[in-house]
2 protein chains.
Amino acid sequence: MSRAKARAALLGELEEAMRRSSAQGVLYGQAVANVAGIANSDLECMDILYLEGRVTAGRLAEVTGLTTGAITGVVDRLEKAGLVRRERDEHDRRKVFISVIPETGAKIGELYVPMQQAMEKVFSAYSDEELRLLLRFANEGYKGVLAATTALKGLLDTPPEKRPQLKLKKHPRQT
Amino acid sequence: MSRAKARAALLGELEEAMRRSSAQGVLYGQAVANVAGIANSDLECMDILYLEGRVTAGRLAEVTGLTTGAITGVVDRLEKAGLVRRERDEHDRRKVFISVIPETGAKIGELYVPMQQAMEKVFSAYSDEELRLLLRFANEGYKGVLAATTALKGLLDTPPEKRPQLKLKKHPRQT
DNA sequence: ATATATATCTTAGTCACTAAGAGATTTAGT
DNA sequence: ACTAAATCTCTTAGTGACTAAGATATATAT
């Protein structure tokens, strides 16, 4: 096999492996929501709250891409489940801050522990230098996917006949 | 900073970077479904059809975790959109095989091209050996996530007081 | 002051999903 | 062969999360 072909094969395997693991990641998230007894978007909002801390309802809508009306429902459900609290902003009384109630919110955090343990185990087999490579890739991959998302959405605004002709590379293994 | 602390920091960064990029991957998928004008699960089924080729309705239900009733709806919509075709199995006439209609199905494939191009660009900066490391990690990561999913679901069957005590490691940056 | 803008919530309607069971076909037991 | 049980898909009724549009309350600008 030529060097170029070997690399192409490697890239193909890599693409499939990454697709598979990312799909499994999605399934893990669904399982978490399922076990927690909350909807998928509700969990997504909990994640955002963990990452960003106290945020407004509008911010949740912005980040999730849901309408503000949908967020009202999300927060209602999370509040009823005792996971978050609504607090009016005293400086701008139109705004509503949402924050996690630590005790109950922590129970959601626990559900990520199996994942963290599994990943710790995987990571333990790598040297610091190897981990740095993985980190570099994760960051660059993120930027790549972000750019791809933007490009894809751009296609929507471009009339079909003006779209850059994409050489169609089919998904592997159409049996 | 001690060697151990440096590594812990590295692991933390890695965890966050991977979480972010995988979240962005989900968003890309949603954008694809959005542009294609089909529901999320519909796209998931198209992906499975690309990966596995001609499969039965029951198999789609099994892989997606949806009920067979839901799959009937998925296939109805995909069929109406001209993306797939139903074919009764002649050997077992209860079964219905679903297969992608190549011409229209290829249009969905095109929507993944921006992603493939972006990733190709990212990958181009890595040596073959580095890519092999990434591949190894992707495969091991997949197994890890899979194991974590199983472990998580196992928690459901274990009465709360019998669950292995998980040392709670909170999500980063609860601001 | 009045108008405009902003932030959240409400309402009505839609759509994908589940649970339960119906129909069609195949497989197993006698 | 004949009946019963199992298997596979579809149908039906009901639920829940979502959107679009507009109501409400508060803040900002003229």
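Computed from heavy atoms alone, side chains included, the values below leave out hydrogens, waters and symmetry copies. These figures come from a predicted structure and were not determined experimentally. We name chains A, B, ... by the order of the sequence lines, and we start the count at 1 in each one.
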Q: Would you mind reading off the distance between B/R88 atom CZ and D/dT7 atom C1', rounded to a whole angstrom?
A: 13 Å
Q.
Base, sugar-phosphate or nothing for B/R59? Non-hydrogen atoms, less than 4.0 Å.
A. nothing
Write down the protein N/O and nucleotide N/O pairs, taken from nucleotides 14-19 of chain C, whose separation is under 3.5 Å; answer none if there are no such pairs.
from   : atom 1 : to    : atom 2 : distance (Å)
C/dC17 : OP1    : B/S41 : OG     : 2.3
C/dC17 : OP2    : B/R77 : NH2    : 3.3
C/dT18 : OP2    : B/T67 : N      : 3.2
C/dT18 : OP2    : B/T67 : OG1    : 3.0

**Q.** Charged tip of A/R136 within 45° of B/Y126 ring normal and under 6.0 Å
**A.** yes
Q. Nearest-Å distance, CG (B/N40) to C1' (D/dC18)?
A. 13 Å
Q: Please tell me which of A/R94 and A/V75 maps to the more 5' nucleotide of DNA chain C, matching each residue to the nucleotide holding its nearest heavy atom.
A: A/R94
**Q.** B/I98 CD1 to D/dC8 P, straight-line distance once rounded to whole Å
**A.** 14 Å
Q | Which residue lies more 5' along DNA chain D, comparing A/E90 with B/V96 via nearest heavy atoms | A | B/V96
Q: Rounded to the nearest 0.5 Å, what's the gap from CZ on A/F97 to CG on A/L49? Could you check?
A: 12.0 Å
Q) Between A/R93 (CZ) and D/dT24 (P), how many Å, whole number? A) 18 Å
Q) Can you tell me how far P of C/dT27 sits from CG of B/D89, to the nearest Å? A) 11 Å
Q) Closer than 4.0 Å, any side-chain N/O of A/R86 to the OP1 or OP2 of C/dC9? A) yes
Q: Please step through side-chain contact (heavy atoms from CB on, under 4.5 Å) for the pair A/L83 and A/K107, ending with a clear verdict.
A: CA-CA 9 Å; A/L83 292 170; A/K107 292 193 179 168; 5.8 Å; no
Q) Step by step, would you call A/L14 with B/L131 a side-chain contact (heavy atoms from CB on, under 4.5 Å)? A) CA-CA 8 Å; A/L14 198 44; B/L131 290 185; 3.8 Å; yes
Q) Can you check the A/D92 CG to D/dA27 P distance for me, whole Å? A) 6 Å
Q.
side-chain contact (heavy atoms from CB on, under 4.5 Å), that's the test. Do A/E44 and A/N40 meet it? Break it down for me.
A. CA-CA 6 Å; A/E44 196 190 342; A/N40 235 298; over 6 Å; no
Q. Given atom NZ of A/K95 and atom C1' of D/dA27, what is their separation to the nearest angstrom?
A. 10 Å
**Q.** Distance, rounded to the nearest Å, where B/L60 contributes CG and D/dT9 contributes P
**A.** 9 Å
Q | Stepwise side-chain contact (heavy atoms from CB on, under 4.5 Å) test for B/I71 and B/E62 | A | CA-CA 10 Å; B/I71 292 298; B/E62 191 183 317; over 6 Å; no
Q) Roughly how far apart are A/L134 CG and B/M18 CE, rounded to 0.5 Å? A) 7.5 Å
